[in-house]
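Everything on this sheet refers to the single structure shown next.
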There are 2 protein chains.
Amino acid sequence: MTPPVFAHGNLRLYVLSLLADSPRHGYELIQALSERFGGTYSPSAGTIYPRLSKLEEEGLVTKASDGRKTVYAITDAGRAELASRESELGAIEDEVTDSVRRLADEVRAGVNEAMRSLRADLASAARDAKRGRPSNSHSTPRQDSNAAVREAEVALNDFRQQMRTDLRSQAARAGLSDAVVAELRQELAQVRANILDRLT
Amino acid sequence: MTPPVFAHGNLRLYVLSLLADSPRHGYELIQALSERFGGTYSPSAGTIYPRLSKLEEEGLVTKASDGRKTVYAITDAGRAELASRESELGAIEDEVTDSVRRLADEVRAGVNEAMRSLRADLASAARDAKRGRPSNSHSTPRQDSNAAVREAEVALNDFRQQMRTDLRSQAARAGLSDAVVAELRQELAQVRANILDRLT
DNA sequence: GATCAACTCGCGATATATCGTGTTTATGGA
DNA sequence: TCCATAAACACGATATATCGCGAGTTGATC
């Protein structure tokens, strides 16, 4: 589904550059990478450990056990490899930053969030059914109210997503002025006031 | 920060009940729990494995290695314990469903999402600064535009969160009528139309 | 009966390792 | 030179285990 953040061979080089600063263990590398990219990209263990094994196999790093941890350090051969490809390193960081931003955008659009509470409801309904419970949708008035709340939530979510898309494409086309943002803010405040009036 | 999903001692009992159905290994238990609660609650490994160790220590389950896996099975003593507390089990499922829903609400409010792209930008700015790059905030017009987009996103997020809170507490107090939801929907559509008019 | 110290528990964070899938790159023969 | 196919790679999923914090429970002592 989602494309890799690091292009072919780039993670290898980047990990090597991190080990050039100081020896680290696997988990520390994951954290270091996460920190470098603002917490938006966190390589999984399944990405880091095979890379470290390979680097060791190639003789570019050494492995040393330290209690629960396994510390990896760069070798001279590793430093040589790094030096010979130093020019690539700068470009890699920019590429990763870009692809991470794209990734964050997709996540943020997040239809998946709305799905969550629905799934929880389904699971609970299924459980109730398996036991002998009524589970009829018109049993308590609270249930209808909850349904209304969920409806409202979906509406709010859809609205937010649409506005996001609208504003993003506008920004890409011709820039987005602060005035529009201010107007949006004001109108949203007005909607909230209107709804609050209508309540109770 | 967030309260535990399972109350004191409840996870222990629930795990035991899952093992009463069939023997499983640790990871399988995590998946089974996740499935039961619609994917909204996934106990971490740090929750499951200590529990399994304790249960084994108490003689309520047995451990058996099977290649990469470690299969746990319930013992007679385990079944006895389970039988003597069967009445508690039903209540536990309901409690968990409730607390999971509350948890999902907090996550869905998600200010954290908006923070992510901000952190990515900060990280990239920091990196640019460390090299010799300009990185002045008025270099490209796209940067200001992006800032405006993010501002708008934050405003949208805040609005959604506030409305959610408003509507939820109203629903709890005196129920939420479909009329209000309809009104909200209409007003949101109006806001979108207004903003679209103002663009380009 | 109150209280407070010791213990238990749920849980995220820390730590490591392998497997399977889908891509990308390299290579070697036609 | 082209292209098939093997090798390398990034990555999520699978799998296990420990540590330390904070909150809850229990029992002992006053």
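No hydrogens, no waters, no symmetry mates; every other heavy atom, side chains included, goes into these values. By convention in this document, chain letters (A, B, ...) are assigned in the order of the sequence lines, proteins followed by strands, and residues within each chain are numbered from 1.
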Please tabulate, one pair per line, each protein N/O and nucleotide N/O from nucleotides 22-27 of chain C that are separated by under 3.5 Å, including the distance.
none

Any donor-acceptor pair under 3.5 Å from A/T75 side chain to A/L60 backbone: yes
Side chain to side chain, A/L52 and A/L29, heavy atoms closer than 4.5 Å: yes
Validation row: A/K54, A/E58 side chains within 4.5 angstrom (heavy atoms): yes
A/L184 and B/V191, any side-chain heavy atoms less than 4.5 Å apart: yes
Sugar-phosphate only, base, or nothing, as touched by A/P43 at under 4.0 Å among non-hydrogen atoms: nothing
Distance in angstrom units between B/L16 CG and C/dG10 C1', rounded: 17 Å
Ring geometry between B/Y41 and B/F37 (parallel below 30°, tilted from 30 to 60°, perpendicular above 60°): perpendicular
Overall bend - the helix from C/dG1-D/dC30 to C/dA30-D/dT1, comparing terminal axes fitted on five pairs, nearest 10 degrees: 0°
Student check: side-chain heavy atoms of A/I195 and B/L167 closer than 4.5 Å: yes
Touch class at under 4.0 angstrom, heavy-atom based, for B/S53 against every strand present: nothing
Whole-Å gap separating C1' (C/dC7) and CD (B/E58): 13 Å
Verify same cluster id: B/V61, B/V71 (apolar side-chain graph, 4.5 Å): no
Atom-pair distance (CZ on B/R51; C1' on C/dT8), nearest Å: 8 Å
Student check: side-chain heavy atoms of B/L188 and B/F159 closer than 4.5 Å: yes
Atom pair distance, as rounded to whole Å: CG in B/L52 and P in C/dT8: 17 Å
Length of the line joining A/Y49:OH and C/dT18:P, which is rounded to integer Å: 11 Å
A/Q31, CD: over 12 other non-hydrogen atoms inside 6.0 angstrom: yes
Touch class at under 4.0 angstrom, heavy-atom based, for A/G46 against every strand present: base
Touch class at under 4.0 angstrom, heavy-atom based, for A/E28 against every strand present: nothing
Atom-to-atom span, OH of B/Y27 to P of C/dT18 - whole angstrom: 17 Å
Side-chain heavy-atom pair A/L176, B/L199 within 4.5 angstrom cut-off: yes
Exam field: side chain B/S53 to backbone B/Y49, donor-acceptor pair closer than 3.5 Å: yes
Closest-nucleotide 5' rank along DNA chain D - winner of B/T47 and B/K69: B/K69
Min side-chain heavy-atom separation A/L16-A/R85 under 4.5 Å: no
Sugar-phosphate only, base, or nothing, as touched by B/F6 at under 4.0 Å among non-hydrogen atoms: sugar-phosphate
Any B/S44 side-chain nitrogen or oxygen under 4.0 Å from OP1 or OP2 of C/dC11: no
Opening and closing nucleotides of DNA chain D in contact with chain A, under 4.0 Å to non-hydrogen atoms: D/dA8 to D/dC19
